[in-house]
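Just below is one structure, and these are the notes that go with it.
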Amino acid sequence: MRSIMRVLMAATLGAVAASSPGFSAQGDDPDWPCIQRKVPELSIGQIWTGPELPPQAADWAKDAAISELVDDLAARRLPLPEAQEKIKAYRDALPADQRPQHIAMLIQGLFDKMNGERSHVISGIARYAHRQRDLAASLRREGSALDAMRISPDANQNQVTLRSEQLMFQTRIFQERVQSLTYVCEVPTLIEQRLYALVKTLAEAPPAQ
């Protein structure tokens with residue numbers, strides 16, 4: 001039993017350490033659990049380096065066609081090359097006199113939509129990390145309690161075994177959640193990269209008529 005408990009606690013402490021604030025990226029939030037730096041919101045200037053978008057671009061949601069296109073393009077289930085082809089087809093079909101305004105509205109729509117999604121994911125990561133820290137504290141307490149039970153001369157060995165198995169199960173769940181968090185931490189960057197690629201495609205000049 002002593003050997004099992006050593007392995008169990010080593011696994012627990014390793015998982016706890018991997019999710020602790022000490023492993024966070026450098027930044028303003030010491031509790032941020034990701035290697036990637038925490039940037040809660042993007043600015044349009046980080047994505048769009050062309051002329052300032054006109055005020056009318058903010059009305060993109062009032063245009064049903066643009067609103068639907070924004071939803072389609074923002075969805076990560078649509079492969080990026082296909083999304084870029086959709087952009088080109090839309091852009092190239094616009095009358096020349098309407099193209100600047102519609103492209104500006106589409107740029108603003110993509111930014112608003114995807115920046116909002118990215119911020120939502122970041123908030124979710126923070127909540128996830130808080131739950132992990134609570135679970136880590138619970139695992140430490142249970143490990144200490146089991147150590148005390150194990151060395152007690154009148155310990156009920158059946159109870160020690162049962163609680164050890166439960167702790168091992170909870171530790172495995174904790175470790176799986178640590179691994180999941182590693183993948184989730186990449187999502188804000190993936191959204192940002194997709195947004196930049198889509199806007200870059202919009203900035204390309206259409207082929208000569």
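Heads up: numbering here begins at 1 and tracks the sequence.
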Linking I/L/V/M/F/W/Y whenever any side-chain heavy atoms sit under 4.5 Å apart, do Leu198 and Leu190 land together? no

Quick check: does any side chain N or O of Arg91 sit under 3.5 Å from a backbone N or O of Arg99, one acting as donor and the other as acceptor? no

Heavy-atom pair with the smallest gap, counting every atom of Ala104 and Pro54: CB-CD, 3.7 Å

Please answer whether the main-chain N or O of Leu73 pairs with a side-chain N or O of Arg194 as donor and acceptor at a distance below 3.5 Å. yes

For Gln36 and Thr189, test the side chains for any donor-to-acceptor distance below 3.5 angstrom and give the result as yes or no. no

Between Thr171 (side chain only) and Leu167 (backbone N and O only), is there a donor and an acceptor less than 3.5 Å apart? yes

Just how far is it from atom CD of Glu142 to atom CZ of Arg163, taken to the nearest 0.5 Å? 4.0 Å

Got a donor-acceptor contact below 3.5 angstrom from the Asn156 side chain to the Gln159 backbone? yes

Out of curiosity, Leu42 CG to Asn115 CG, how far, rounded to the nearest 0.5 Å? 4.5 Å

When rounded to the nearest 0.5 angstrom, what distance separates CD1 in Ile87 from CD in Glu82? 12.5 Å

What one should report as the nearest heavy-atom pair of Leu53 and Gln108 is CD1-OE1, 3.5 Å

When rounded to the nearest 0.5 angstrom, what distance separates CG in Asp63 from CD in Gln101? 9.0 Å

Determine the sole option in Leu106, Asp112, Leu110 for which the side chain to side chain contact (heavy atoms under 4.5 Å, CB included) test with Trp60 is passed. Asp112

Arg76/Val187 under side-chain contact (heavy atoms from CB on, under 4.5 Å): CA gap, chis, key distance, verdict: CA-CA 10 Å; Arg76 294 192 301 282; Val187 174; 3.8 Å; yes

Interatomic distance, OG1@Thr49 vs NZ@Lys200, rounded to 0.5 Å, equals 10.0 Å

Test item: His120 and Glu117 side chains (from C-beta on) under 4.5 Å apart, heavy atoms: no

Tell me if a side-chain donor or acceptor on Thr201 pairs with a main-chain N or O of Ala197 at a distance below 3.5 Å. yes

For Pro188 and Ile122, the nearest pair of non-hydrogen atoms, with its separation, is CG-CG1, 3.8 Å

Tell me, do Tyr128 and Arg131 make a side-chain contact under 4.5 Å, heavy atoms counted? yes

Taking side chain as C-beta onward, heavy atoms only, is Val199 less than 4.5 Å from Phe111? no

To the nearest 0.5 angstrom, please state how far the CG atom of Leu146 sits from the CZ atom of Arg141. 13.5 Å

Transitive ILVMFWY side-chain link Leu80 to Ile107, under 4.5 Å: yes

With distance as the sole test, does Ser152 use its side chain to make a donor-acceptor pair with the main-chain N or O of Ala148 at under 3.5 Å? no

Spell out, yes or no, whether Leu78 and Ile66 are grouped together once hydrophobic residues are joined by side-chain heavy atoms under 4.5 Å, including indirect joins. no

Please examine the side chains of Leu195 and Lys113, heavy atoms only from C-beta on, and report whether any two atoms are closer than 4.5 Å. no

Check whether Val39 and Tyr196 end up in the same hydrophobic cluster, where Ile, Leu, Val, Met, Phe, Trp and Tyr are linked by side-chain heavy atoms less than 4.5 Å apart. no

Are more than 12 heavy atoms, taken from residues, nucleotides or ligands other than Gln98, located less than 6.0 Å from that residue's CD atom? yes

Minimal heavy-atom distance between Ser119 and Pro40, with the atoms involved, is OG-O, 2.8 Å

With a 4.5 Å limit on heavy-atom distance, are the side chains of Cys185 and Ile35 in contact? no

